Amino acid sequence: MLQITNVIRIFNLLETTYGPQGWWPLVDYRGSNPTKTGSVQGYHPGDYSLPKTTNQMYEICLGSLLTQSVGWPSVEKALTNLKKLNAINPRTILSMDENVLKEAIKPVGYFNQKTRKVKEFTKFFVGLNGRTPTRDELLSIWGVGKETADSMLLYAFKVPTFVVDAYTRRIFSHIGLIDEKDEYDEIKALFEENITPDLETYQEYHALIVEHAKRFYSKQADRKLCPLYKKFAKGGRKRKG
DNA sequence: AACCAGGACGTGA
DNA sequence: TCACGTCATGGT
């Protein structure tokens with residue numbers, strides 16, 4: 001029996017409302033369809049062929065480390081700094097002076113920790129030799145937690161695995177599909193059980209969640225204005241999607 | 001001018 | 001396991 005669950009209905013609604021998001025952004029990308037506007041550039045809506053090169057994969061991994069607990073505009077500054085140094089490639093990062101690296105990524109804050117994270121991840125990345133890592137391998141790296149590992153897999157390595165972030169928690173606990181303190185892997189499973197693995201869908205869903213949350217789920221926003229809340233939260237808490 | 005941002009880790013109960 | 005504290009800059 002084919003059943004359309006709320007997890008799927010919500011994806012369809014977000015997709016219709018906001019359109020394709022074009023994640024993961026690449027700072028230098030100037031494609032034929034850069035429809036995102038504003039200061040934050042680099043998105044490529046409708047183009048799922050990226051990343052095309054090893055250095056683009058690496059840039060996405062760097063971005064997922066640098067964006068931890070920080071807004072994307074700050075990450076873009078850091079990546080732009082690195083770009084000017086011709087440093088968005090593993091060899092340059094590994095040979096680069098620590099203080100130069102710290103200075104370049106300063107806009108994202110936590111630069112002592114993040115410098116270490118970048119260095120340690122980069123050693124691992126080189127050791128891959130083009131191979132796709134497992135989730136457990138990524139999680140064994142200092143500074144790579146579940147969200148970061150899943151982001152790297154989904155957007156850099158093109159593995160259809162679902163990414164859960166703070167916004168996912170906020171939206172779906174508000175609606176009542178999950179509990180706010182459910183474990184990361186439990187929430188991830190809810191999405192993966194309701195949507196058969198598909199790279200483009202998983203990439204878009206996470207990106208759409210972020211887009212939607214920025215509008216209705218920032219800390220001071222009124223969540224009751226969220227149209228999803230009106231539509232899906234009426235019956236109280238429902239499980240299984 | 002506080003407050004928060006697309007987390008992860010270390011610590012003590 | 002759980003609940004905090006820490007890390008640090010920059011944008012509303």
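Labels below follow one simple rule: chain letters A, B, ... track the order of the sequence lines, proteins then strands, and each chain is numbered from 1. What you are looking at is a predicted structure, and each value in this text was computed from that prediction instead of being measured. Excluded from the calculations below are hydrogen atoms, water molecules and symmetry mates; all remaining heavy atoms, backbone and side chain alike, are included.
Counting heavy atoms from C-beta on, the side chains of A/Ile88 and A/Asn55 never come closer than 4.5 Å. Using a 4.5 Å cut-off on side-chain heavy atoms (C-beta onward), A/Gln203 and A/Val163 make no contact.
For DNA chain B, each stem of at least three Watson-Crick or G-U pairs (distances under 3.5 Å) is given as range with range: B:3-5 with C:9-11, B:7-13 with C:1-7.
A heavy atom closer than 4.0 Å to some atom of DNA chain C occurs in A/Tyr110, A/Phe111, A/Asn112, A/Gln113, these being the qualifying members of residues 110-122 of chain A. Of the residues in residues 141-152 of chain A, those placing a heavy atom less than 4.0 Å from an atom of DNA chain B are A/Ile141, A/Trp142, A/Gly143, A/Val144, A/Gly145, A/Lys146, A/Glu147, A/Thr148, in numerical order. Proximity of residues 157-172 of chain A to DNA chain B (heavy atom under 4.0 angstrom from any strand atom) is restricted to A/Asp165, A/Ala166, A/Tyr167, A/Arg170.
Each of A/Val108 and A/Gln220 was matched to the nucleotide of DNA chain C holding its nearest heavy atom; the match closer to the 5' end belongs to A/Val108. Comparing A/Pro73 and A/Ser69 by the nucleotide of DNA chain C that holds the closest heavy atom to each, the one mapping nearer the 5' end is A/Ser69.
Inspection of the A/Gln68 and A/Lys117 side chains reveals an N or O donor paired with an N or O acceptor under 3.5 Å. For A/Ser49 and A/Asp47, the side-chain atoms include at least one donor-acceptor pair closer than 3.5 Å. At a cut-off of 3.5 Å, with distance as the only test, a side-chain donor of A/Tyr58 or A/Thr122 sits close to an acceptor on the other residue. Side chain to side chain, A/Glu204 and A/Tyr18 fail the donor-acceptor criterion of an N or O pair below 3.5 Å. Using modelled atom types, one finds a donor on one side chain and an acceptor on the other under 3.5 Å when comparing A/Arg9 with A/Asn6.
Rounding to whole angstrom units, CD of residue A/Glu183 and C1' of C/dA3 are separated by 14 Å. The CG atom of A/Leu65 sits 16 Å away from the P atom of B/dG6 (whole-angstrom rounding). Taking atom NZ on A/Lys106 and atom C1' on C/dG10, their separation rounds to 12 Å, with Å as the unit. Rounded to an integer number of Å, the gap from CG of A/Leu66 to C1' of C/dC7 is 14 Å. Rounded to an integer number of Å, the gap from NZ of A/Lys219 to P of B/dG6 is 12 Å. The OH-C1' distance, from A/Tyr184 to B/dG6, rounds to 11 Å in whole Å. Rounded to an integer number of Å, the gap from CD of A/Gln21 to P of B/dG6 is 14 Å. Atom-to-atom, CD1 of A/Ile187 to P of B/dG7 comes out at 13 Å; the value is rounded to the nearest Å.
Across B/dA5, B/dA8, B/dG6, the shortest atom-to-atom separation from the side chain of A/Thr67 is found for B/dG6.
Using atom P as the reference point in both B/dG10 and C/dA8, the two lie 14 Å apart (nearest Å). Rounded to a whole angstrom, the distance from the P atom of B/dG6 to that of C/dT6 is 23 Å.
A/Phe191 pairs with exactly one of A/Tyr184, A/Phe172, A/Tyr202 by the ring pair (Phe, Tyr, Trp, His ring centres under 6.0 Å) rule, that one being A/Phe172.
Among residues two or more places apart in sequence or in another chain, the salt bridge (Lys or Arg N to Asp or Glu O under 4.0 Å) test is passed with A/Arg131 by A/Glu137. With sequence neighbours left out, A/Asp185 forms a side-chain contact (heavy atoms from CB on, under 4.5 Å) with A/Arg135, A/Lys146, A/Lys188.
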- [ ] Go through the steps to decide whether A/Phe162 and A/His206 satisfy the test ring pair (Phe, Tyr, Trp, His ring centres under 6.0 Å), and finish with yes or no.
- [x] CA-CA 8 Å; A/Phe162 206 88; A/His206 172 65; 7.2 Å; no
Task: Check against ring pair (Phe, Tyr, Trp, His ring centres under 6.0 Å), A/Trp23 and A/Trp72 - done: CA-CA 12 Å; A/Trp23 279 39; A/Trp72 188 256; 7.6 Å; no
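In this structure, the separation between CG on A/Asp182 and OG1 on A/Thr168 is 12.5 Å, given to the nearest 0.5 Å.
Note: the hydrophobic cluster containing A/Phe125 does not contain A/Leu94 (ILVMFWY, side chain heavy atoms under 4.5 Å, direct or indirect links).
Across all strands shown, A/Lys102 has no heavy atoms under 4.0 Å from either base or sugar-phosphate atoms.
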